Amino acid sequence: MCGIVGIVGTSPVNQRIYDALTVLQHRGQDAAGIMTLREGELSVRKDTGLVRDVFGQRHMLQLTGNIGIGHVRYPTAGCDSADEAQPFYVNSPYGIGLGHNGNLTNARELADQLVRGERRHLNTTSDSEVLLNVFASELAKAQKPKASADDLFNALEAVMRRCKGAYAVVALVIGHGVIGFRDPNGIRPLVLGRRDTARGHEWMLASESVALDMADFRLVRDVNPGEAVFIDEEGRLLTRQCMPCVRHTPCIFEYVYFARPDSIIDNISVHKARMRMGERLADKIRRARPDHGIDVVIPIPDTSRTSAMQLAASLGVKYREGFVKNRYIGRTFIMPGQEQRQKSVRGKLNAIDLEFRGRNVLLVDDSIVRGTTSAQIIDMAREAGARSVYFASAAPPVRYPNVYGIDMPVASELVAANRSDEEVARIIGADWLVYQDLDDLVGACRHDDARIEEFDTSCFSGEYTAGDITPEYLHRLESERNDGAKSERRGDGPGPRIVRAV
(Lines give C-alpha, C1' and ligand atoms only; values in the text may rest on other atoms or scores of the structure.)
Protein backbone atom coordinates (compact mmCIF):
# COMPACT_ATOMS: atom_id res chain seq x y z
CA MET A 1 0.00 0.00 0.00
CA CYS A 2 1.29 3.45 -0.92
CA GLY A 3 0.09 7.01 -1.24
CA ILE A 4 0.26 8.94 -4.51
CA VAL A 5 -0.43 12.51 -5.56
CA GLY A 6 -0.13 14.55 -8.76
CA ILE A 7 -0.80 18.24 -9.37
CA VAL A 8 -0.97 20.46 -12.44
CA GLY A 9 -1.09 24.00 -11.08
CA THR A 10 -0.77 27.64 -12.00
CA SER A 11 1.89 28.25 -9.34
CA PRO A 12 4.65 26.15 -7.72
CA VAL A 13 3.34 22.80 -6.50
CA ASN A 14 6.22 21.61 -4.29
CA GLN A 15 4.70 22.71 -0.97
CA ARG A 16 1.25 21.40 -1.81
CA ILE A 17 2.62 17.99 -2.81
CA TYR A 18 4.62 17.91 0.42
CA ASP A 19 1.52 18.79 2.48
CA ALA A 20 -0.53 16.15 0.66
CA LEU A 21 2.09 13.50 1.35
CA THR A 22 2.08 14.34 5.06
CA VAL A 23 -1.64 13.51 5.29
CA LEU A 24 -1.07 10.36 3.23
CA GLN A 25 1.83 9.33 5.49
CA HIS A 26 -0.33 6.58 7.05
CA ARG A 27 -0.28 4.83 3.65
CA GLY A 28 3.51 4.53 3.62
CA GLN A 29 6.15 5.28 6.24
CA ASP A 30 9.16 3.69 4.57
CA ALA A 31 10.18 6.19 1.87
CA ALA A 32 8.97 9.34 0.14
CA GLY A 33 9.62 11.14 -3.13
CA ILE A 34 8.62 14.25 -5.09
CA MET A 35 9.25 14.97 -8.78
CA THR A 36 8.53 18.38 -10.32
CA LEU A 37 8.83 19.89 -13.78
CA ARG A 38 9.74 23.46 -14.78
CA GLU A 39 10.32 24.48 -18.41
CA GLY A 40 11.37 20.97 -19.38
CA GLU A 41 13.75 20.59 -16.44
CA LEU A 42 13.00 17.73 -14.06
CA SER A 43 13.79 17.90 -10.34
CA VAL A 44 13.60 14.86 -8.06
CA ARG A 45 14.11 14.22 -4.37
CA LYS A 46 13.45 10.82 -2.83
CA ASP A 47 14.87 8.82 0.03
CA THR A 48 13.95 6.41 2.79
CA GLY A 49 12.19 7.84 5.83
CA LEU A 50 9.15 9.91 6.73
CA VAL A 51 8.11 12.90 4.62
CA ARG A 52 9.35 15.36 7.24
CA ASP A 53 12.79 13.71 7.23
CA VAL A 54 13.23 13.26 3.48
CA PHE A 55 12.53 16.88 2.49
CA GLY A 56 14.55 19.72 3.98
CA GLN A 57 14.39 23.37 3.01
CA ARG A 58 17.20 23.04 0.48
CA HIS A 59 15.39 20.16 -1.23
CA MET A 60 12.12 22.08 -1.40
CA LEU A 61 13.84 25.10 -2.96
CA GLN A 62 15.17 22.85 -5.72
CA LEU A 63 11.78 21.27 -6.47
CA THR A 64 10.60 24.01 -8.81
CA GLY A 65 7.72 24.06 -11.27
CA ASN A 66 3.94 24.10 -11.53
CA ILE A 67 3.64 20.37 -12.31
CA GLY A 68 4.63 17.47 -10.10
CA ILE A 69 3.91 14.08 -8.57
CA GLY A 70 4.64 12.57 -5.17
CA HIS A 71 4.73 9.17 -3.48
CA VAL A 72 4.99 7.64 0.00
CA ARG A 73 6.10 4.02 0.12
CA TYR A 74 4.73 1.28 2.29
CA PRO A 75 7.45 -1.08 3.62
CA THR A 76 7.15 -4.40 1.79
CA ALA A 77 9.34 -7.35 0.95
CA GLY A 78 12.84 -6.14 0.17
CA CYS A 79 12.13 -2.41 -0.02
CA ASP A 80 14.98 -1.19 2.10
CA SER A 81 16.84 1.55 0.21
CA ALA A 82 16.38 4.83 -1.64
CA ASP A 83 16.96 3.02 -4.95
CA GLU A 84 13.45 1.60 -4.82
CA ALA A 85 11.83 4.81 -3.57
CA GLN A 86 9.37 6.35 -6.00
CA PRO A 87 8.66 8.11 -8.32
CA PHE A 88 10.56 5.92 -10.77
CA TYR A 89 11.91 7.52 -13.96
CA VAL A 90 12.72 6.40 -17.50
CA ASN A 91 14.11 8.82 -20.08
CA SER A 92 12.58 7.36 -23.24
CA PRO A 93 10.23 8.30 -24.71
CA TYR A 94 9.99 11.97 -23.67
CA GLY A 95 10.97 11.30 -20.04
CA ILE A 96 8.38 9.70 -17.74
CA GLY A 97 8.15 9.65 -13.94
CA LEU A 98 5.67 7.34 -12.23
CA GLY A 99 4.25 6.63 -8.78
CA HIS A 100 2.24 3.45 -8.19
CA ASN A 101 -0.03 2.08 -5.49
CA GLY A 102 -0.96 -1.58 -5.84
CA ASN A 103 0.59 -4.80 -7.10
CA LEU A 104 0.92 -6.36 -10.55
CA THR A 105 0.28 -10.06 -10.21
CA ASN A 106 1.95 -10.83 -13.56
CA ALA A 107 5.04 -8.66 -12.94
CA ARG A 108 7.49 -11.51 -13.54
CA GLU A 109 6.02 -12.37 -16.91
CA LEU A 110 5.96 -8.70 -17.92
CA ALA A 111 9.57 -8.23 -16.83
CA ASP A 112 10.63 -11.15 -19.00
CA GLN A 113 8.77 -9.67 -21.98
CA LEU A 114 10.36 -6.26 -21.45
CA VAL A 115 13.91 -7.53 -21.13
CA ARG A 116 13.88 -10.28 -23.75
CA GLY A 117 11.38 -9.01 -26.29
CA GLU A 118 11.41 -5.23 -25.98
CA ARG A 119 15.07 -4.72 -25.02
CA ARG A 120 14.33 -2.57 -22.00
CA HIS A 121 16.58 -2.51 -18.93
CA LEU A 122 15.17 -2.95 -15.41
CA ASN A 123 17.21 -1.80 -12.41
CA THR A 124 15.08 -3.61 -9.82
CA THR A 125 12.47 -6.34 -9.62
CA SER A 126 9.88 -3.77 -8.52
CA ASP A 127 6.52 -4.21 -10.18
CA SER A 128 6.24 -0.40 -10.24
CA GLU A 129 9.32 -0.16 -12.47
CA VAL A 130 7.84 -2.90 -14.64
CA LEU A 131 4.60 -0.92 -15.00
CA LEU A 132 6.54 2.23 -15.91
CA ASN A 133 8.47 0.41 -18.62
CA VAL A 134 5.34 -1.20 -20.05
CA PHE A 135 3.84 2.28 -20.38
CA ALA A 136 7.04 3.68 -21.89
CA SER A 137 7.32 0.79 -24.34
CA GLU A 138 3.74 1.24 -25.52
CA LEU A 139 4.04 5.04 -25.76
CA ALA A 140 7.23 4.72 -27.82
CA LYS A 141 5.16 3.08 -30.57
CA ALA A 142 3.65 6.50 -31.37
CA GLN A 143 7.06 7.52 -32.81
CA LYS A 144 6.29 11.24 -32.64
CA PRO A 145 8.27 14.23 -31.35
CA LYS A 146 5.28 14.92 -29.10
CA ALA A 147 2.46 12.51 -28.32
CA SER A 148 -1.16 13.54 -28.65
CA ALA A 149 -3.77 12.81 -26.00
CA ASP A 150 -4.97 9.94 -28.20
CA ASP A 151 -1.44 8.52 -28.30
CA LEU A 152 -1.27 8.61 -24.49
CA PHE A 153 -4.67 6.98 -24.11
CA ASN A 154 -3.88 4.33 -26.72
CA ALA A 155 -0.70 3.46 -24.83
CA LEU A 156 -2.68 3.17 -21.59
CA GLU A 157 -5.23 0.90 -23.23
CA ALA A 158 -2.35 -1.43 -24.06
CA VAL A 159 -1.01 -1.11 -20.49
CA MET A 160 -4.35 -2.19 -19.08
CA ARG A 161 -4.53 -5.13 -21.48
CA ARG A 162 -1.07 -6.31 -20.43
CA CYS A 163 -1.01 -5.57 -16.69
CA LYS A 164 -2.94 -7.78 -14.27
CA GLY A 165 -3.74 -7.08 -10.64
CA ALA A 166 -4.34 -3.78 -8.87
CA TYR A 167 -2.94 -0.35 -9.61
CA ALA A 168 -3.61 3.32 -9.12
CA VAL A 169 -1.00 5.42 -10.87
CA VAL A 170 0.13 9.01 -11.33
CA ALA A 171 2.64 9.67 -14.11
CA LEU A 172 4.43 12.82 -15.26
CA VAL A 173 5.31 12.92 -18.97
CA ILE A 174 7.78 15.70 -19.78
CA GLY A 175 6.40 18.18 -22.29
CA HIS A 176 2.90 16.77 -21.92
CA GLY A 177 1.45 16.81 -18.39
CA VAL A 178 0.21 14.48 -15.65
CA ILE A 179 -1.73 11.26 -16.15
CA GLY A 180 -3.71 9.25 -13.61
CA PHE A 181 -5.24 5.83 -14.18
CA ARG A 182 -6.81 3.00 -12.23
CA ASP A 183 -7.12 -0.75 -12.73
CA PRO A 184 -10.34 -2.03 -14.38
CA ASN A 185 -11.66 -3.37 -11.07
CA GLY A 186 -10.95 -0.16 -9.17
CA ILE A 187 -9.26 -2.13 -6.39
CA ARG A 188 -6.91 0.69 -5.40
CA PRO A 189 -8.34 4.20 -4.90
CA LEU A 190 -7.71 7.39 -6.90
CA VAL A 191 -9.62 10.66 -6.62
CA LEU A 192 -9.70 13.80 -8.76
CA GLY A 193 -9.89 17.33 -7.38
CA ARG A 194 -10.09 20.85 -8.79
CA ARG A 195 -9.18 24.32 -7.60
CA ASP A 196 -10.14 27.53 -9.39
CA THR A 197 -7.68 30.42 -9.28
CA ALA A 198 -7.38 33.80 -10.96
CA ARG A 199 -4.94 32.19 -13.40
CA GLY A 200 -7.19 29.26 -14.28
CA HIS A 201 -8.05 25.74 -13.17
CA GLU A 202 -5.69 23.58 -11.14
CA TRP A 203 -6.12 19.80 -10.97
CA MET A 204 -5.02 17.23 -8.43
CA LEU A 205 -5.00 13.43 -8.27
CA ALA A 206 -4.53 11.60 -4.96
CA SER A 207 -5.07 8.29 -3.20
CA GLU A 208 -7.55 9.80 -0.74
CA SER A 209 -9.80 12.85 -0.63
CA VAL A 210 -8.13 14.05 2.59
CA ALA A 211 -5.11 15.05 0.49
CA LEU A 212 -7.36 17.28 -1.62
CA ASP A 213 -8.70 18.91 1.54
CA MET A 214 -5.21 19.68 2.76
CA ALA A 215 -4.32 21.42 -0.53
CA ASP A 216 -7.65 23.29 -0.70
CA PHE A 217 -8.90 21.36 -3.72
CA ARG A 218 -12.55 20.41 -4.16
CA LEU A 219 -13.34 16.73 -4.65
CA VAL A 220 -14.76 16.34 -8.17
CA ARG A 221 -15.09 12.56 -8.33
CA ASP A 222 -13.26 9.27 -8.18
CA VAL A 223 -11.31 8.17 -11.23
CA ASN A 224 -13.40 5.34 -12.62
CA PRO A 225 -12.07 1.78 -12.84
CA GLY A 226 -10.29 1.37 -16.16
CA GLU A 227 -10.31 5.12 -16.78
CA ALA A 228 -7.34 7.37 -17.61
CA VAL A 229 -7.25 11.08 -16.78
CA PHE A 230 -4.84 13.39 -18.61
CA ILE A 231 -4.16 16.96 -17.51
CA ASP A 232 -1.93 18.80 -19.96
CA GLU A 233 0.55 21.53 -19.05
CA GLU A 234 -2.05 24.22 -19.72
CA GLY A 235 -4.47 22.67 -17.26
CA ARG A 236 -6.86 21.12 -19.79
CA LEU A 237 -8.54 17.91 -18.57
CA LEU A 238 -9.14 15.00 -20.94
CA THR A 239 -10.41 11.54 -20.00
CA ARG A 240 -10.98 8.18 -21.66
CA GLN A 241 -12.43 4.88 -20.51
CA CYS A 242 -9.49 2.74 -21.63
CA MET A 243 -10.84 -0.58 -20.39
CA PRO A 244 -14.46 -1.47 -19.60
CA CYS A 245 -15.26 -2.05 -15.93
CA VAL A 246 -16.94 -5.45 -15.62
CA ARG A 247 -16.84 -5.55 -11.81
CA HIS A 248 -16.10 -2.52 -9.63
CA THR A 249 -14.60 -4.08 -6.51
CA PRO A 250 -12.69 -1.61 -4.31
CA CYS A 251 -10.53 -3.13 -1.60
CA ILE A 252 -12.61 -3.39 1.56
CA PHE A 253 -9.49 -3.22 3.75
CA GLU A 254 -9.23 0.47 2.84
CA TYR A 255 -12.35 1.05 4.95
CA VAL A 256 -11.33 -1.36 7.69
CA TYR A 257 -7.79 -0.11 8.29
CA PHE A 258 -5.80 1.80 5.72
CA ALA A 259 -7.71 4.94 4.79
CA ARG A 260 -8.05 7.92 7.11
CA PRO A 261 -11.53 8.24 8.65
CA ASP A 262 -11.96 11.73 7.18
CA SER A 263 -11.54 10.41 3.61
CA ILE A 264 -14.26 9.63 1.10
CA ILE A 265 -13.38 6.84 -1.32
CA ASP A 266 -15.70 5.74 -4.14
CA ASN A 267 -18.33 8.04 -2.61
CA ILE A 268 -18.20 6.10 0.66
CA SER A 269 -17.33 7.90 3.89
CA VAL A 270 -14.69 5.88 5.72
CA HIS A 271 -15.89 7.33 9.04
CA LYS A 272 -19.51 6.31 8.48
CA ALA A 273 -18.50 2.86 7.27
CA ARG A 274 -16.58 2.30 10.50
CA MET A 275 -19.53 3.53 12.54
CA ARG A 276 -21.74 0.96 10.82
CA MET A 277 -19.10 -1.73 11.51
CA GLY A 278 -19.46 -0.96 15.22
CA GLU A 279 -23.26 -1.11 15.08
CA ARG A 280 -23.29 -4.46 13.30
CA LEU A 281 -20.69 -5.90 15.66
CA ALA A 282 -22.84 -4.82 18.62
CA ASP A 283 -25.83 -6.59 17.05
CA LYS A 284 -23.80 -9.79 16.78
CA ILE A 285 -22.69 -9.57 20.42
CA ARG A 286 -26.31 -9.13 21.52
CA ARG A 287 -27.33 -12.20 19.52
CA ALA A 288 -24.42 -14.41 20.60
CA ARG A 289 -24.01 -13.18 24.20
CA PRO A 290 -27.11 -11.41 25.48
CA ASP A 291 -25.61 -11.59 29.00
CA HIS A 292 -22.21 -10.37 27.85
CA GLY A 293 -21.23 -8.81 31.18
CA ILE A 294 -19.08 -6.11 29.56
CA ASP A 295 -18.26 -3.23 31.93
CA VAL A 296 -16.31 -1.06 29.53
CA VAL A 297 -15.38 -0.90 25.83
CA ILE A 298 -11.81 0.20 25.09
CA PRO A 299 -10.43 0.75 21.57
CA ILE A 300 -6.95 -0.19 20.45
CA PRO A 301 -5.88 3.13 18.93
CA ASP A 302 -6.27 4.55 16.43
CA THR A 303 -8.15 2.90 13.57
CA SER A 304 -10.71 1.05 15.70
CA ARG A 305 -11.79 4.10 17.70
CA THR A 306 -14.82 4.94 15.53
CA SER A 307 -16.15 1.38 15.51
CA ALA A 308 -15.55 0.95 19.25
CA MET A 309 -17.37 4.16 20.13
CA GLN A 310 -20.43 3.18 18.09
CA LEU A 311 -20.34 -0.39 19.46
CA ALA A 312 -20.36 0.91 23.04
CA ALA A 313 -23.23 3.30 22.31
CA SER A 314 -25.27 0.50 20.70
CA LEU A 315 -24.69 -1.84 23.66
CA GLY A 316 -25.31 0.91 26.22
CA VAL A 317 -21.88 0.24 27.79
CA LYS A 318 -19.26 2.76 28.94
CA TYR A 319 -16.67 3.78 26.39
CA ARG A 320 -13.24 4.64 27.72
CA GLU A 321 -9.79 5.41 26.35
CA GLY A 322 -7.59 2.86 28.09
CA PHE A 323 -4.39 3.09 26.09
CA VAL A 324 -2.08 6.02 25.54
CA LYS A 325 -0.35 5.88 22.20
CA ASN A 326 3.15 7.03 21.40
CA ARG A 327 2.46 8.83 18.13
CA TYR A 328 6.08 8.73 17.02
CA ILE A 329 6.09 5.01 16.29
CA GLY A 330 4.78 3.67 12.99
CA ARG A 331 1.88 1.30 12.39
CA THR A 332 2.96 -2.11 13.67
CA PHE A 333 0.93 -4.11 11.14
CA ILE A 334 3.09 -2.76 8.30
CA MET A 335 6.47 -3.07 9.98
CA PRO A 336 8.87 -5.51 8.26
CA GLY A 337 9.79 -8.48 10.42
CA GLN A 338 8.03 -10.15 13.32
CA GLU A 339 10.73 -9.25 15.86
CA GLN A 340 10.46 -5.56 15.05
CA ARG A 341 6.66 -5.71 15.30
CA GLN A 342 6.84 -7.41 18.70
CA LYS A 343 9.33 -4.91 20.11
CA SER A 344 7.26 -1.97 18.92
CA VAL A 345 3.95 -2.82 20.61
CA ARG A 346 4.90 -1.98 24.20
CA GLY A 347 6.82 1.04 23.05
CA LYS A 348 3.75 2.16 21.15
CA LEU A 349 1.02 1.66 23.77
CA ASN A 350 0.76 2.11 27.52
CA ALA A 351 -2.27 1.07 29.57
CA ILE A 352 -4.12 3.39 31.98
CA ASP A 353 -4.58 1.05 34.97
CA LEU A 354 -7.61 2.95 36.30
CA GLU A 355 -9.71 2.00 33.28
CA PHE A 356 -8.94 -1.74 33.57
CA ARG A 357 -8.71 -2.55 37.26
CA GLY A 358 -11.43 -4.97 38.37
CA ARG A 359 -13.47 -4.66 35.15
CA ASN A 360 -14.68 -6.95 32.41
CA VAL A 361 -13.11 -5.21 29.43
CA LEU A 362 -14.02 -5.52 25.75
CA LEU A 363 -11.04 -4.53 23.59
CA VAL A 364 -11.94 -3.53 20.02
CA ASP A 365 -9.49 -3.60 17.12
CA ASP A 366 -9.99 -3.09 13.39
CA SER A 367 -8.70 -6.60 12.58
CA ILE A 368 -6.48 -9.44 13.74
CA VAL A 369 -3.72 -10.42 11.33
CA ARG A 370 -0.83 -12.34 12.89
CA GLY A 371 -2.31 -12.20 16.37
CA THR A 372 0.98 -11.24 18.01
CA THR A 373 -0.02 -7.63 18.64
CA SER A 374 -3.44 -8.68 19.94
CA ALA A 375 -1.86 -11.15 22.38
CA GLN A 376 0.53 -8.54 23.78
CA ILE A 377 -2.25 -5.98 24.21
CA ILE A 378 -4.42 -8.52 26.03
CA ASP A 379 -1.45 -9.24 28.33
CA MET A 380 -1.15 -5.50 29.00
CA ALA A 381 -4.86 -5.32 29.90
CA ARG A 382 -4.50 -8.18 32.39
CA GLU A 383 -1.37 -6.63 33.90
CA ALA A 384 -3.38 -3.42 34.34
CA GLY A 385 -5.86 -5.36 36.50
CA ALA A 386 -8.69 -6.37 34.17
CA ARG A 387 -10.92 -9.11 35.63
CA SER A 388 -11.76 -10.52 32.18
CA VAL A 389 -10.56 -9.49 28.72
CA TYR A 390 -12.87 -9.95 25.75
CA PHE A 391 -11.78 -9.10 22.21
CA ALA A 392 -13.79 -7.86 19.21
CA SER A 393 -12.55 -7.50 15.64
CA ALA A 394 -14.38 -5.03 13.37
CA ALA A 395 -13.31 -7.27 10.45
CA PRO A 396 -13.81 -10.99 9.80
CA PRO A 397 -10.96 -13.49 10.30
CA VAL A 398 -8.03 -12.79 7.97
CA ARG A 399 -7.32 -16.21 6.49
CA TYR A 400 -5.77 -15.53 3.07
CA PRO A 401 -2.89 -13.39 1.75
CA ASN A 402 -3.62 -10.12 0.01
CA VAL A 403 -2.11 -9.97 -3.47
CA TYR A 404 -3.32 -6.54 -4.57
CA GLY A 405 -0.90 -4.20 -2.86
CA ILE A 406 -1.10 -4.97 0.86
CA ASP A 407 1.90 -6.92 2.10
CA MET A 408 -0.31 -9.07 4.29
CA PRO A 409 1.42 -12.20 5.58
CA VAL A 410 1.32 -15.53 3.86
CA ALA A 411 -1.33 -17.97 5.09
CA SER A 412 1.09 -19.80 7.37
CA GLU A 413 1.65 -16.58 9.38
CA LEU A 414 -2.04 -15.62 9.70
CA VAL A 415 -3.38 -16.61 13.10
CA ALA A 416 -6.90 -17.35 11.80
CA ALA A 417 -5.79 -19.51 8.86
CA ASN A 418 -7.22 -23.02 9.32
CA ARG A 419 -8.29 -22.22 12.90
CA SER A 420 -11.65 -21.75 14.58
CA ASP A 421 -12.57 -18.59 16.47
CA GLU A 422 -12.15 -20.48 19.75
CA GLU A 423 -8.64 -21.59 18.79
CA VAL A 424 -7.66 -18.01 17.92
CA ALA A 425 -9.08 -16.79 21.24
CA ARG A 426 -6.86 -19.28 23.10
CA ILE A 427 -3.78 -18.26 21.12
CA ILE A 428 -4.19 -14.54 21.76
CA GLY A 429 -5.32 -15.14 25.37
CA ALA A 430 -8.84 -13.66 25.18
CA ASP A 431 -11.63 -14.92 27.45
CA TRP A 432 -13.83 -14.79 24.39
CA LEU A 433 -13.48 -13.44 20.88
CA VAL A 434 -16.02 -12.10 18.41
CA TYR A 435 -15.34 -11.40 14.74
CA GLN A 436 -17.44 -9.31 12.36
CA ASP A 437 -19.33 -11.45 9.83
CA LEU A 438 -18.27 -10.83 6.22
CA ASP A 439 -21.82 -10.03 5.08
CA ASP A 440 -22.08 -7.45 7.85
CA LEU A 441 -18.75 -5.88 6.90
CA VAL A 442 -19.86 -5.56 3.27
CA GLY A 443 -23.19 -4.14 4.42
CA ALA A 444 -21.43 -1.61 6.63
CA CYS A 445 -19.35 -0.32 3.73
CA ARG A 446 -22.05 -0.34 1.08
CA HIS A 447 -24.73 2.31 0.67
CA ASP A 448 -27.08 3.33 -2.13
CA ASP A 449 -25.39 6.55 -3.23
CA ALA A 450 -22.04 4.83 -3.80
CA ARG A 451 -23.40 2.37 -6.37
CA ILE A 452 -20.85 -0.19 -5.16
CA GLU A 453 -22.38 -3.65 -5.13
CA GLU A 454 -19.33 -5.68 -4.12
CA PHE A 455 -15.80 -5.32 -2.77
CA ASP A 456 -12.53 -7.16 -2.98
CA THR A 457 -12.68 -9.23 0.20
CA SER A 458 -9.98 -11.70 -0.80
CA CYS A 459 -8.05 -11.68 2.50
CA PHE A 460 -11.27 -12.78 4.25
CA SER A 461 -12.92 -14.95 1.58
CA GLY A 462 -10.04 -16.21 -0.57
CA GLU A 463 -11.90 -14.98 -3.68
CA TYR A 464 -9.61 -12.81 -5.80
CA THR A 465 -11.87 -10.52 -7.78
CA ALA A 466 -9.55 -9.84 -10.72
CA GLY A 467 -9.63 -13.58 -11.48
CA ASP A 468 -5.86 -13.73 -11.99
CA ILE A 469 -4.61 -15.83 -9.06
CA THR A 470 -3.48 -19.44 -9.36
CA PRO A 471 -2.32 -21.91 -6.68
CA GLU A 472 1.16 -21.66 -8.22
CA TYR A 473 1.18 -17.89 -7.70
CA LEU A 474 0.17 -18.25 -4.05
CA HIS A 475 2.85 -20.90 -3.51
CA ARG A 476 5.49 -18.56 -4.92
CA LEU A 477 4.15 -15.79 -2.70
CA GLU A 478 4.51 -18.08 0.31
CA SER A 479 8.22 -18.50 -0.34
CA GLU A 480 8.84 -14.79 -1.03
CA ARG A 481 6.73 -13.14 1.69
CA ASN A 482 7.32 -15.19 4.82
CA ASP A 483 9.26 -13.44 7.57
CA GLY A 484 12.26 -15.73 7.11
CA ALA A 485 12.64 -14.71 3.47
CA LYS A 486 12.22 -11.04 4.38
CA SER A 487 14.91 -11.40 7.03
CA GLU A 488 17.33 -12.76 4.45
CA ARG A 489 16.58 -9.90 2.06
CA ARG A 490 17.27 -7.35 4.82
CA GLY A 491 20.73 -8.87 5.19
CA ASP A 492 20.01 -10.94 8.30
CA GLY A 493 20.83 -14.12 6.44
CA PRO A 494 21.92 -15.50 3.07
CA GLY A 495 19.75 -15.30 0.01
CA PRO A 496 19.00 -13.21 -3.07
CA ARG A 497 17.80 -9.65 -2.77
CA ILE A 498 14.28 -9.20 -4.13
CA VAL A 499 12.51 -5.87 -4.30
CA ARG A 500 8.83 -5.04 -4.54
CA ALA A 501 7.81 -1.41 -4.07
CA VAL A 502 4.07 -0.95 -3.65
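Note that the structure is a prediction, hence the values are computed from the model and not measured.
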Self-check item: side chain to side chain donor-acceptor pair (under 3.5 Å) evaluation trace for Glu478 with Ser412
Solution: CA-CA 8 Å; Glu478 180 86 22; Ser412 60; 2.6 Å; yes
Between [X] and [Y], is any side-chain donor less than 3.5 angstrom from a side-chain acceptor?
X	Y	result
Tyr404	Asp468	yes
Asp151	Ser148	yes
Arg45	Asn14	no
Gln113	Arg162	yes

Between [X] and [Y] (salt bridge meaning N to carboxylate O under 4.0 Å), is one present in this structure?
X	Y	answer
Glu118	Arg120	no
Glu157	Arg240	yes
Arg247	Glu454	yes
Arg27	Glu254	yes
Glu138	Lys141	yes

Quiz item: Do Thr303 and Arg274 pass the side chain to side chain contact (heavy atoms under 4.5 Å, CB included) test, and can you show the C-alpha distance, the side-chain angles, and the key distance before you say yes or no?
Solution: CA-CA 9 Å; Thr303 320; Arg274 290 177 183 168; 3.6 Å; yes
Quiz prompt | Test log, rule side chain to side chain donor-acceptor pair (under 3.5 Å), inputs Gln86 and Ser128 | solution = CA-CA 9 Å; Gln86 297 184 39; Ser128 303; 2.9 Å; yes
Quick one: are [X] and [Y] in side-chain contact, heavy atoms under 4.5 Å?
X	Y	answer
Leu50	Asp53	yes
Ile67	Ile7	no
Ile4	Leu190	yes
Thr105	Tyr473	yes
Phe135	Val130	no
Glu202	Phe217	yes
Val191	Ile265	no
Phe460	Tyr400	no

Quick check against the 3.5 Å criterion: does [X] have a side-chain atom that pairs as donor or acceptor with the backbone of [Y]?
X	Y	value
Ser137	Asn133	no
Glu233	Gly177	no
Ser461	Thr457	yes
Ser43	Thr36	no
Lys146	His176	no
Asp232	Gly235	yes
Asp183	Gly186	yes
Asn103	Gly405	no
Gln241	Pro244	no
Asp127	Leu104	yes

Exercise. For side chain to side chain donor-acceptor pair (under 3.5 Å), just list the numbers for Ser11 and Arg16, CA-CA rounded to whole Å, side-chain angles, deciding distance to a tenth of an Å, and then say yes or no.
Key: CA-CA 10 Å; Ser11 60; Arg16 285 178 286 175; 3.2 Å; yes
Approximate separation, where rounding is to 0.5 Å, of [X] [atom1] and [Y] [atom2]:
X	Y	atom1	atom2	answer
Cys445	Ile252	SG	CD1	4.0 Å
Met160	Cys242	CE	SG	4.5 Å
Met214	Tyr18	CE	OH	10.5 Å
Thr64	Glu39	OG1	CD	8.5 Å
Asp266	Phe455	CG	CZ	8.0 Å
Glu129	Glu84	CD	CD	9.5 Å

Self-check item: Among Arg218, Arg194, Met204, the one residue meeting side chain to side chain contact (heavy atoms under 4.5 Å, CB included) with Leu212
Solution: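 When side chain to side chain contact (heavy atoms under 4.5 Å, CB included) is applied between Leu212 and each of Arg218, Arg194, Met204, only Met204 qualifies.
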Quiz item: Pick from Pro250, Cys2, Cys251, Pro225: which one makes a side chain to side chain contact (heavy atoms under 4.5 Å, CB included) with Arg188?
Solution: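 Exactly one option meets the side chain to side chain contact (heavy atoms under 4.5 Å, CB included) with Arg188, and it is Cys251.
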Quiz item: Between Met277 and Val256, does a side chain to side chain contact (heavy atoms under 4.5 Å, CB included) hold up when you go through it step by step?
Solution: CA-CA 9 Å; Met277 291 177 204; Val256 170; 4.2 Å; yes
Quiz prompt | Working for side chain to side chain contact (heavy atoms under 4.5 Å, CB included), residues Asn185 and His248 | solution = CA-CA 5 Å; Asn185 289 96; His248 186 182; over 6 Å; no
Identify the two heavy atoms, one from [X] and one from [Y], that lie closest to each other, and give their separation to 0.1 Å.
X	Y	answer
Phe88	Thr124	CZ-OG1, 4.3 Å
Ser393	Ser367	OG-CA, 3.4 Å
Leu139	Ala147	CD1-CB, 4.1 Å
Val115	Leu122	CG2-CD1, 4.1 Å
Leu192	Trp203	CD1-CE3, 3.9 Å
Leu98	Ile69	N-CD1, 3.9 Å

Self-check item: CD (Glu234) with more than 12 external heavy atoms under 6.0 Å
Solution: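 Enclosed.
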Quiz item: More than 12 foreign heavy atoms under 6.0 Å from CZ of Arg195: is that the case here?
Solution: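 Counting neighbours around CZ of Arg195, more than 12 heavy atoms of other residues, nucleotides or ligands fall under 6.0 Å, so yes.
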Self-check item: Worked check of side chain to side chain contact (heavy atoms under 4.5 Å, CB included) between Val44 and Ile34
Solution: CA-CA 6 Å; Val44 184; Ile34 295 177; over 6 Å; no
Quiz item: Does the ring centre of His26 sit less than 6.0 Å away from the ring centre of Phe258?
Solution: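 Judged by ring-centre distance (under 6.0 Å), Phe258 and His26 do not meet the cut-off.
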Quiz prompt | Parallel, tilted or perpendicular: rings of Phe253 and Tyr257 (30°, 60°) | solution =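 Judged by the thresholds at 30° and 60°, the geometry between Tyr257 and Phe253 is tilted.
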